[in-house]
Amino acid sequence: MEALPRETIVDVLEGRLWEDILAGRYPARGYLPPERTLADGYGVTRIRSSTRSAV
């Protein structure tokens with residue numbers, strides 16, 4: 001039996017960020033809020049690598 005891939009916190013955060021972008025929480029052609037604001041909103045301490053991969 002093949003092992004299932006584990007989902008990391010970065011994977012979860014990236015998915016939530018994409019969902020929020022697609023849902024219109026962050027307007028098209030607009031800027032994302034500062035890293036600190038996003039991190040607070042998602043309940044994490046840093047999100048830099050996730051926002052880079054998501055965008």
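Basis for what follows: all heavy atoms, side chains included, without hydrogens, waters or symmetry-related copies.
- For the residue pair R36 and V44, the shortest heavy atom distance occurs at NH2-O, 4.0 Å.
- Under the 4.0 Å criterion applied to side-chain N and carboxylate O atoms, R16 and D20 are not assigned as salt-bridge partners.
- Side chains of D40 and T37: a donor-acceptor N/O pair is absent below 3.5 angstrom, by distance only.
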Verdict with reasoning, Y26 to L38, per side chain to side chain contact (heavy atoms under 4.5 Å, CB included)
CA-CA 11 Å; Y26 305 112; L38 282 172; 3.2 Å; yes
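- Atom CG of residue L32 and atom CD1 of residue I21 lie 5.5 Å apart, to the nearest 0.5 angstrom.
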